[in-house]
Number of protein chains: 2
Amino acid sequence: MNKKQLIVKLSGALNLSKADSERTFDTITNTILDALKGDDSVKIAGFGTYKVAKRKARVGRNPRTGEQIQIAASQKVKFLPAKALKEVFNK
Amino acid sequence: MNKKQLIVKLSGALNLSKADSERTFDTITNTILDALKGDDSVKIAGFGTYKVAKRKARVGRNPRTGEQIQIAASQKVKFLPAKALKEVFNK
DNA sequence: TTTCTATATGCAAATACTGCATACCCAATT
DNA sequence: AATTGGGTATGCAGTATTTGCATATAGAAA
């Protein structure tokens, strides 16, 4: 399922036009992103938690040449599903 | 940041009451969940992809007792941030 | 049409995972 | 507004799993 199909579903569920649904959806993702930039975690009870995780620098490898490469430290967004979410998919 | 605080932000950005913002937000998370139950991935360009990942059964260990444990196969929801999302947090 | 994303490759190192108790913070109800 | 019940984080040990590097291509999405 891609974004367009999701928007169609949302449009029905929210009783909004597709354009409005998309605007709403984008606003929400942007708000979450902004929150993550300031704070470093966004907790949504019953769904999950978005966190910015720091990843240490380490030694990697160019899979094409096999040559070793130093990989810089970085940050990535992680999503930790809530308990309710795990249960939904394990019944 | 927790859900309540996020709702307040959304309320401002969407120009909706807090109650409506929360309803909208819950509708979206539920729609994503439903999509994940049917399909097994939801791709949102520019944000990320939610996937249901199957995890094989394996042998684990109770860290308290050291005793070996058989861990059943399970499924969990994974979120893979899009490229744009990684870049935001690595500048 | 033009941008975005998945895939595939080998391999080292980081990190997730498990049970469980405690502490904590949040959400909802009164 | 306050209390309470429930969801969530933390720490632990050791193994399993994931990650992420470069890069081109194919396929899908905007």
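Here the structure is a predicted model, which means the values were calculated and not measured. In what follows, chains are A, B, ... by sequence order, proteins preceding strands, each numbered from 1. Values below: all heavy atoms of this structure, side chains included; hydrogens, waters and symmetry mates excluded.
The interatomic distance linking B/R55 (CZ) with D/dT17 (P) rounds to 7 Å, in whole Å.
Annotation: of the two residues near DNA chain D, A/I69 and B/N62, the 5′-most nearest-nucleotide partner is B/N62.
Cluster membership check: B/L33 shares its hydrophobic cluster with B/F47, using side-chain heavy-atom separations under 4.5 Å among Ile, Leu, Val, Met, Phe, Trp and Tyr. Linking ILVMFWY side-chain heavy atoms closer than 4.5 Å, directly or via other members, places B/I32 and A/L14 in a single hydrophobic cluster.
Contacts of A/T65 with the nucleic acid, taken as non-hydrogen atoms under 4.0 Å apart, are absent. Within 4.0 Å (heavy atoms only), B/G66 reaches no atom of the nucleic acid at all. Using a 4.0 Å heavy-atom cutoff across all strands shown, B/R58 reaches sugar-phosphate atoms only and no base atom. If you check every strand for non-hydrogen atoms under 4.0 Å, A/A82 touches sugar and phosphate atoms only. Looking at heavy-atom distances under 4.0 Å, A/S74 makes no contact with the nucleic acid at all.
The only member of B/L16, B/D26, B/V8 that meets side-chain contact (heavy atoms from CB on, under 4.5 Å) when paired with B/S21 is B/L16.
A salt bridge links A/E22 and A/K3; the closest N-O separation between the charged side-chain nitrogens and carboxylate oxygens is under 4.0 Å.
Within 3.5 Å, a donor on the side chain of B/R64 pairs with an acceptor on the base of C/dC20, or the reverse.
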